[in-house]
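Quick caveat: nothing in here was measured; it's all calculated off a predicted structure. Naming: A, B, ... by sequence-line order, numbering from 1 per chain.
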Number of protein chains: 2
Amino acid sequence: MVFVKPPQSASTREVVYSALREQILQLELPPGTGLSEKEISLQFNVSRTPVRESFVQLAQEGLLEILPQRGTYVSLIDNSLVEEARFMREQLERAVIQLACESFPEEQFIKIKSNLALQKLSVAKQDDKKMFELDEEFHRAIFEGCGKSYTWGVIQHVNVHLNRSRMLRLAADHNWSHIYSQHEQIVAAIEAHDSAEADRLMKNHLNLTVTDQSLLKEKFPTYFKTPSSN
Amino acid sequence: MVFVKPPQSASTREVVYSALREQILQLELPPGTGLSEKEISLQFNVSRTPVRESFVQLAQEGLLEILPQRGTYVSLIDNSLVEEARFMREQLERAVIQLACESFPEEQFIKIKSNLALQKLSVAKQDDKKMFELDEEFHRAIFEGCGKSYTWGVIQHVNVHLNRSRMLRLAADHNWSHIYSQHEQIVAAIEAHDSAEADRLMKNHLNLTVTDQSLLKEKFPTYFKTPSSN
DNA sequence: ACTACCATACTACCATACAAGTATGGTAGT
DNA sequence: ACTACCATACTTGTATGGTAGTATGGTAGT
């Protein structure tokens, strides 16, 4: 049995899935929004079948709630899940940064430095959306350099809720220049092979990004799952 | 917007999905096995639609490979994924065991001790399958006691490949009595609030379970993905 | 014997039709 | 005015037919 590479011509399902996923993560489809197979199928000018299949996928990721015979809704942000996601990310990032301090391929390091330069620009231009992307790319590059790409993928997969929360915070005027300076210090620690310092920095860095959950909940009450409701 | 509890009457898709998933994880459907929508739909006496949807779900978990217009196959075990899964699990288990040493609810602790007693029995009776289940339950209980149930769920979700690998090792006559004695020591460390010892034990414990990947690959060559392919 | 070709029998993919459960608004009865 | 009921218009769930791409085995030509 040999698996040759799939054609990779995007199927209809894949197109719909990606588009919806993007819209949900970008909060263009806010938490709680009601969708319907028919509505989306008309919007994309396809049949209900591929739409439905993408719904199933998104539901499995926790981005949609499918209520049989009633409707489908963009899932609310569950703060307890957000906290566990943050926990997982912290542990894994700290472990990986240790590996990075031991050894890190030169090529990837250049990539990171280049990314850092772009961050500086984006901070100056106050281009929040771009900064958000660069931030993602920064962390991803560290994982990649340590041969832990799949691990980063899992974090991404897990952190869909956390990411929406972060996106809200972005809208709530986040302090990117502080983030940037932390990134700078992390890179310096890797270069100096200073494991202890890198661990300290990364721990701080990731803790910061979760400070004011309750504050967000006040600003956007309808986006969050209430602890009581299940 | 209020989400009341879904009916939870298992849909056809859910039934098919669960059944197939179980068969794959139990290696009743070995890696590389070819499936087909029609075949499975006849087997379950349902239409192709719910079968197809469950295929999409399983593919998203990495348990199936869907090759458009060609066929669907139970995915081969990818050793690099297994290694990263092991890495993630090690980091998260070690982090959680630290929390457990700080404080652990009495009720959960009793649960673990009871589980441990059952393990002793299963080892004596050489009931490998039961021991496999108890092992899972043991680790899950630790996460649950630390309020990290979702984290454990993610590990489970990630470790589907690792689990199949472990299942093979079980078939390959695994040393459960050694595992049991390690579990015993871990529980003792938690009880004594000995973080350092717990960390050391857990690190050893999880490393053990991954020793002989290459050995497995020799025993079951067709079950594994060759590094070259794709 | 070997190779190029092609009919055939698969495959997954998508569109459509129907079924079954649910929310909603109007209406008749009180 | 209020309530119980019911027709209707939704929703997701399932079944089925047709389409396009792919593997395979046989055959004609070399």
Identified pairing partner of D:dT3, criterion: Watson-Crick or G-U wobble below 3.5 Å: C:dA28

Separation of D:dA15 P from A:R52 CZ (nearest whole Å): 11 Å

Rounded distance (Å) that lies between atom P of C:dC18 and atom NZ of A:K38: 13 Å

Verdict with reasoning, A:E136 to A:R140, per salt bridge (charged side-chain N to carboxylate O under 4.0 Å, His left out): CA-CA 6 Å; A:E136 296 278 332; A:R140 197 186 67 74; over 6 Å; no

Gap between atoms CD and C1', on A:E39 and D:dT12 respectively (whole Å): 14 Å

Side chain of A:P50 - closest among C:dA15, D:dT11, D:dT14: C:dA15

Among C:dT16, D:dG17, D:dT22, the one nearest A:S47 by side-chain distance: C:dT16

Atom-pair distance (CD on A:E65; P on D:dT12), nearest Å: 14 Å

C:dT22 OP1/OP2 closer than 4.0 Å to side-chain N/O of A:R70: no

Donor-acceptor pair (no angle test) under 3.5 Å: A:T49 side chain, C:dT16 base: yes

Heavy-atom closest contact (A:F224 atom, A:N79 atom, distance): CE2-OD1, 3.5 Å

Phosphate contact (C:dC14 OP1 or OP2) by A:T12 side-chain N/O below 4.0 Å: yes

Nucleotide of D:dT12, D:dG13, D:dG17 approaching A:F55 most closely (side-chain heavy atoms): D:dT12

B:L67 CG - C:dC13 C1' separation (whole Å): 14 Å

Nearest-Å distance for atom pair CD/C1', residues A:E53 and C:dC14: 8 Å

Paired nucleotide for D:dA23 [Watson-Crick or G-U wobble; both distances under 3.5 Å]: C:dT8

Worked verdict on B:M202 versus B:H139 for side-chain contact (heavy atoms from CB on, under 4.5 Å): CA-CA 11 Å; B:M202 184 60 83; B:H139 290 271; 4.2 Å; yes

Minimum-distance nucleotide (side-chain atoms of B:V46 versus C:dC13, D:dA23, D:dA15): D:dA15

Side-chain (B:T33) to main-chain (B:P30) donor-acceptor, under 3.5 angstrom: yes

OP1 or OP2 of C:dA12 under 4.0 Å from side-chain N/O of A:S11: no

Options C:dC14, D:dT11, C:dC13, nucleotide nearest the side-chain atoms of B:I66: C:dC13

Phosphate OP1/OP2 of D:dC10: any A:S36 side-chain N/O under 4.0 Å: no

Presence of B:R48 side-chain N/O under 4.0 Å of D:dT16 phosphate oxygens OP1/OP2: no

Protein-nucleotide distance (A:L64, atom CG; D:dT11, atom P), rounded to Å: 15 Å

Interatomic distance where CD belongs to B:E37 and P belongs to D:dG18 [whole Å]: 17 Å

Worked check of side-chain contact (heavy atoms from CB on, under 4.5 Å) between A:Y17 and A:L58: CA-CA 7 Å; A:Y17 166 75; A:L58 291 166; 3.6 Å; yes

Base D:dT12 paired with A:Q69 side chain (donor-acceptor, <3.5 Å): yes

Backbone of A:K130 reached by a side-chain donor or acceptor of A:D127 within 3.5 Å: yes

